[in-house]
Amino acid sequence: MIHDNAWTIYSAEDLEKLEKLSADYIGFLNNGKTERECVAQLVEMAKGKGYRDLAEIIANDEKLASGDKVYAVNMDKMVMMVNIGEDIIRDGMNILGAHIDSPRLDIKQNPLYESDELAYFDTHYYGGIKKYQYVTMPLALHGVVVKTDGTKVRICIGEKDDDPVFIISDILIHLAEEQMKKVVSTAIEGESLDILVGSKPLKGKDKDAVKEFILDLLKKEYDIEEDDFISAEIEAVPAGRAKEAGFDRSMIAGYGQDDRCCAYPSAAAMLDVADPKKTSCGLFVDKEEIGSVGATSMESHFFEDMMREILDRMGIYSELNLARCLRNSRMLSSDVSAAYDPLYADRFEKKNTAKLGHGLAFNKYTGARGKSGANDANPEYLGIIRQVLDKHDVVYQTSELGKVDAGGGGTIAYILSLYGMQVVDCGVPVLSMHAPWETISKSDLYEAYKGYKAFLIEC
Ligand code: MN
Ligand code: MN
């Protein structure tokens with residue numbers, strides 16, 4: 001249903017469901033600031049609904065059939081869920097796919113240094129960020145350090161009320177005459193995004209005493225040595241909890257909503273449809289923000305291989321059955337869209353832009369410079385999707401990522417389309433996408449959940 005503003009049609013019951021979903025989602029954001037933390041939460045959610053680990057089923061040589069629910073984890077950073085439906089699986093699945101990685105600053109392999117009695121962690125940014133947004137804001141460190149004996153030390157510093165936070169300094173305005181003349185893209189250099197981690201010297205040390213203090217503390221509190229950073233994955237992310245936003249609390253502001261505001265309702269929808277007719281599949285992938293490359297990305301063979309395993313457990317594995325299953329599947333690539341921003345109105349073409357509060361946003365195509373790199377969804381497929389959304393009173397809208405030639409972007413849609421399946425991008429519109437704090441509307445989150453659920457039930 002194309003509608004002016006979703007908020008105007010809600011019943012008291014809708015509003016209650018919307019607030020419950022929003023509160024759960026805020027909890028998911030607060031406990032999921034990295035892909036690993038999101039995977040851990042998604043696995044717990046799946047287990048709670050009776051999903052079982054596919055690895056365990058394979059190890060026990062168990063069979064799978066209609067009604068079975070499984071999840072598979074790839075290197076703790078990607079997870080997929082499959083709920084085997086009544087229909088023959090080679091006739092296709094309904095797939096929801098979202099990414100759970102978000103832009104941030106990654107700590108380098110050899111990060112710690114001291115300069116003039118201040119200790120720093122050197123970083124390399126991950127994904128598309130406006131570098132100036134990351135200075136003078138509280139950051140938290142999340143991740144793992146793996147020692148040579150295989151021990152994994154989990155790090156999460158900066159989120160609890162009494163935790164310290166980490167800051168990247170910026171030159172004071174009084175001395176910024178030269179900086180203020182620079183263009184925004186180079187005013188803050190990537191190499192100068194170094195995080196201040198300490199300022200207290202270790203007694204009795206002459207050289208690099210502040211760095212030595214930090215190393216001494218890391219050894220005592222975490223049993224980490226300087227060399228252990230070589231085998232670590234530590235992400236500096238905005239510290240603090242996601243919040244309701246606005247006097248009317250109609251919005252949610254928080255870190256990492258691209259693409260967790262689509263991943264969460266996708267998972268919730270999938271887990272709420274207990275017995276689908278067609279097999280449903282949820283994909284929650286890593287590395288989308290750097291081009292879907294690497295072993296935990298959508299481009300890895302993990303999804304395909306797990307489908308081989310599932311078909312094998314069902315006793316119907318063949319490459320032909322796999323190809324048929326994938327080719328006959330339908331997918332909603334659940335990824336965010338740019339929300340129309342009245343403060344930057346000239347970057348958008350108003351008729352073809354997602355508006356906050358106007359529901360689930362469909363991007364028939366993404367791409368840049370003449371749709372380059374886009375999965376351009378088929379109208380035949382969009383016709384079916386419209387019918388399903390209308391049947392379930394889902395408020396939706398269509399969108400392009402800004403006006404023609406204003407810029408561009410991509411999602412995982414094109415990767416799944418390689419199997420010959422029908423794919424379209426659809427998700428929640430986001431204000432200030434990729435900023436440390438992004439903003440969405442609760443109503444769009446709710447409509448996304450309703451839309452994803454309708455897709456799994458009807459398609
Ligand atoms: Mn995204
Ligand atoms: Mn993104």
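Only a predicted model underlies this, so the values are computations on that prediction, with no experimental measurement involved. Both counts, for ligands and for their atoms, begin at 1 and track the order of listing.
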Do Ile384 and Arg330 come close enough that some side-chain heavy atom pair is under 4.5 Å? yes
When you draw lines from the Mn ion (ligand 1) to OD1 of Asp335 and to NE2 of His99, what angle lies between them, to the nearest 10°? 100°
Between Lys442 and Glu244, is there a side-chain N and carboxylate O pair less than 4.0 Å apart? yes
Can we call the ring centroids of Tyr340 and Phe348 under 6.0 Å apart? yes
With no hydrogens and no angle check, just 3.5 Å: does a side-chain donor-acceptor pair link Gln257 and Tyr264? no
Taking just the N, O or S atoms of Glu289, which one is nearest to the Mn ion (ligand 2)? OE2
Between the Mn ion (ligand 1) and Asp258, is there an N, O or S atom separated by less than 2.8 Å? yes
